[in-house]
Amino acid sequence: LKHLKQNDENTVIVLPDERLLLPMLCSIPEEVEKLNITMGYSLSLSAVHALVHSLFEMQMAARVRKDNVCTFYYKHVLSILNNSSLQCCSEKVSTLVAKINAGRCFWLEKNFFAEDDFFAMIFEKSTEKDLVSYIIQILKCLYIKQSGVEKEILSSYIMLLNQLNSNIEKSNLSLSIEAIASLVDRAVGFSSVPFNGEPLEGVQLMGFLETRSLDFENVIITSMNEGVCPKKLNSTSIVPYSLRKAFGLPTFEQQDAIAAYHFYRLLTGAKRIFLLYDDRIDDMKKGGEVSRYIYQLKYLYDVKKLKLEEKSLTFDVNFVKTDNGGLEIKKDETIMQKIECFADANSKEYLSASALNNYIQCPLKFYLSKIVGIKEPDEITENIEANVFGSIFHKAMELIYEEYKGKEIIKDTFVRLKASIDDAVKVAFSKEYLKIKDESKYEEPKGRNELVTHVIKKYIQTTLDYDEKNVPFTYVESEKKAI
């Protein structure tokens, strides 16, 4: 489009795959001043439908505790917050996501979202009777904040849900959340968003069926891959092909013929034609096959008269070591001062075994983590991983020996030390895994985590048994955070 002199109504972009509509709109160059969309976009492919699906899942999995407080599972909450339809509230969304990850909140109460009225409305337990109305209310709030294509999609989705809600109320049926979700999925599967524009101005963006009886000088057709153009047709009829053929019923051959007619008729009146295809093959060995139409143009017609020109675009992603040796960080005075602190006996900073391993494997990683102090972002994991396992063990050992700092440990001391294992592991679990800062408060590990903490207790018991054999000794200090 950048190199075409006429970016006007004489240029058409044809999308055989309607899923590429939104990516295409994001890729239109600035040189195109006006663009007219004359095609439908399936609601089932939109981010709005993904949001509605996440809302159904959240409502189905919601739990009501004994104190009548409703809680929501964190995965469903994050799925909703990370949906692109909520990007209009991006600042608040990112704050909530960071708060959930940092707090290790697996089941979130409604009060967690009480500071914002919009999110308090989303994370509210709904009854089956009011479920569709609850979703409509959320989409209406988003409709006010959105613009452009997203607003058109929200408008169509709200209209669809209103019709469905009206039919459910008229039927007087008592439907479960699963049944309502199934009805919405089925209704959305047959619905699309009609985009209306000015057909006499700007570059035209169409599907194949919309190009019927229209001629353009510049034609750009994307996704020229077999199975996409023409589409792969799967017959769902119970009437076998032989009977359909014998009695003159429509068959896939007729559908292929119609698709071929639209393709060649569009090319007949064009002066410049661009056929784009992707020859990459995915992990399942699928894709990459060029459309039969391109082979027909190459082998059934005179290539010289057609002036057929083939170009291949490739992207080299090989990592080649450059002559400059890569990234280099000079050791200035500030960096040297931090490094010298590790060798100072009076300094509270030290080098752990994992820090030394990082330096051996990747000096840059050591610099970023220990010198600059950059940490990996918090992510919630339902299972205790190896690094957290070690942190819980070290924290528990620190708590067990804490009151004996600077004191001599004798054999009789281990009776009290071993008796404090359970409480120390509970506090360490709450602090290192659940990120509860107040050590006076702790939560009991549950499920698989209870089994893991039982293993940690066994490790601590073995460590204390080893220490008991080496009495008497003086406990000087435990580990401290370096940076």
Side-chain angles (χ1 to χ4, degrees), residues 1 4 9-29 32 35-46 149 153 189-197 199 202-236 250-282 284 286-301 306 308-313:
L1 288 175
L4 288 177
E9 63 276 3
N10 290 319
T11 301
V12 63
I13 303 173
V14 182
L15 297 181
D17 187 357
E18 62 180 9
R19 294 176 297 178
L20 297 180
L21 176 59
L22 296 184
M24 177 61 70
L25 292 177
C26 297
S27 304
I28 296 295
V32 179
L35 179 69
N36 175 52
I37 305 174
T38 313
M39 63 180 297
Y41 183 70
S42 176
L43 282 177
S44 61
L45 302 174
S46 65
V149 176
I153 294 173
F190 294 100
S191 302
S192 61
V193 184
F195 294 102
N196 299 319
V203 175
Q204 306 297 308
L205 184 58
M206 300 180 173
F208 251 119
L209 293 180
E210 287 77 16
T211 63
R212 289 172 294 186
S213 302
L214 297 176
D215 292 320
F216 299 92
E217 292 184 7
N218 306 310
V219 176
I220 303 172
I221 305 178
T222 65
S223 304
M224 287 297 296
N225 289 88
E226 191 66 26
V228 181
C229 181
K231 289 185 178 181
K232 184 178 180 180
L233 301 175
N234 296 319
S235 178
T236 58
T251 62
F252 70 89
E253 294 169 340
Q254 294 180 1
Q255 299 297 327
D256 285 344
I258 293 173
Y261 167 76
H262 290 311
F263 174 79
Y264 284 105
R265 198 218 59 80
L266 179 64
L267 267 56
T268 301
K271 294 181 179 179
R272 284 177 291 186
I273 304 165
F274 302 88
L275 305 179
L276 313 178
Y277 64 89
D278 187 356
D279 61 356
R280 294 175 298 176
I281 301 176
D282 58 19
M284 302 299 293
K286 294 181 180 179
E289 185 179 356
V290 182
S291 172
R292 70 188 75 166
Y293 296 151
I294 293 181
Y295 287 123
Q296 290 171 5
L297 290 172
K298 291 171 64 176
Y299 298 113
L300 300 181
Y301 297 89
L306 287 178
L308 188 63
E309 182 180 354
E310 288 189 77
K311 292 183 179 180
S312 178
L313 299 178

S.K.: With distance as the sole test, does Ser291 use its side chain to make a donor-acceptor pair with the main-chain N or O of Cys229 at under 3.5 Å?
M.R.: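 Indeed, once roles are kept as given, a pair shorter than 3.5 Å links the two residues.
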S.K.: How close do Thr211 and Arg265 get, counting heavy atoms only, and between which atoms?
M.R.: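 Closest approach of Thr211 to Arg265, heavy atoms only: O-NH2, 3.1 Å.
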S.K.: Let me know which of Tyr261, Phe263, Tyr277, Phe208 forms a ring-ring contact (aromatic ring centres under 6.0 Å, His included) with Tyr293.
M.R.: Phe263
S.K.: Check each of Leu275, Asp17, Leu15, Val14 against Ser223 using the side chain to side chain contact (heavy atoms under 4.5 Å, CB included) test, and report the only one that passes.
M.R.: Asp17
S.K.: First locate atom CE of Met224, then atom CG of Leu297, and finally report the distance between them rounded to the nearest 0.5 Å.
M.R.: 7.5 Å
S.K.: Please evaluate residues Leu276 and Ile221 with respect to the criterion side chain to side chain contact (heavy atoms under 4.5 Å, CB included), reporting the C-alpha separation (whole Å), side-chain torsions for both, the decisive distance (0.1 Å), and the verdict.
M.R.: CA-CA 6 Å; Leu276 313 178; Ile221 305 178; over 6 Å; no
S.K.: About how many Å separate CG of Leu21 and OG of Ser192, when rounded to the nearest 0.5 Å?
M.R.: 11.0 Å
S.K.: Could you check whether Glu217 pairs with Arg272 (Lys NZ or Arg NE/NH1/NH2 to Asp/Glu carboxylate O, under 4.0 Å)?
M.R.: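 Looking at Glu217 and Arg272, the cut-off is not met.
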S.K.: Rounded at 0.5 Å granularity, tell me how far CD1 in Ile37 sits from CE in Met24.
M.R.: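 Here the rounded value is 11.0 Å.
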S.K.: Looking at every non-hydrogen atom in both residues, tell me the closest pair between Asn10 and Phe216 and how far apart they are.
M.R.: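 Where Asn10 meets Phe216 most closely, the heavy atoms are O-CB, 3.6 Å.
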S.K.: If only atom types and distance count, is the side chain of Ser46 paired as donor or acceptor with the main-chain N or O of Ser42 below 3.5 Å?
M.R.: no
S.K.: Decide yes or no on side chain to side chain contact (heavy atoms under 4.5 Å, CB included) for Ile13 and Gln204, but give the supporting numbers first.
M.R.: CA-CA 6 Å; Ile13 303 173; Gln204 306 297 308; over 6 Å; no
S.K.: Could you tell me if the side chain of Asn218 sits less than 4.5 Å from the side chain of Ile273, heavy atoms only?
M.R.: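 Counting from C-beta outward, Ile273 and Asn218 never come under 4.5 Å.
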S.K.: Check the pair Val12 / Val203 against side chain to side chain contact (heavy atoms under 4.5 Å, CB included), numbers first and verdict last.
M.R.: CA-CA 6 Å; Val12 63; Val203 175; over 6 Å; no
S.K.: Are any side-chain N or O atoms of Glu226 and backbone N or O atoms of Arg292, one a donor and one an acceptor, separated by less than 3.5 Å?
M.R.: yes
S.K.: So which heavy atom on Leu266 is nearest to which on Val219, and how close?
M.R.: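 So the two residues come closest at CD2-CG1, 3.8 Å.
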S.K.: Write down the atom of Thr268, the atom of Tyr264, and the distance for their closest heavy-atom approach.
M.R.: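 Of all heavy-atom pairs spanning Thr268 and Tyr264, the closest is OG1-O, 2.7 Å.
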S.K.: Does Asp278 offer a backbone N or O that forms a donor-acceptor pair with the side chain of Asn225 under 3.5 Å?
M.R.: yes
S.K.: Indicate yes or no: at least one non-hydrogen side-chain atom of Glu310 is less than 4.5 angstrom from one of Lys298.
M.R.: yes
S.K.: Pick from Asn36, Thr38, Leu25: which one makes a side chain to side chain contact (heavy atoms under 4.5 Å, CB included) with Leu205?
M.R.: Leu25
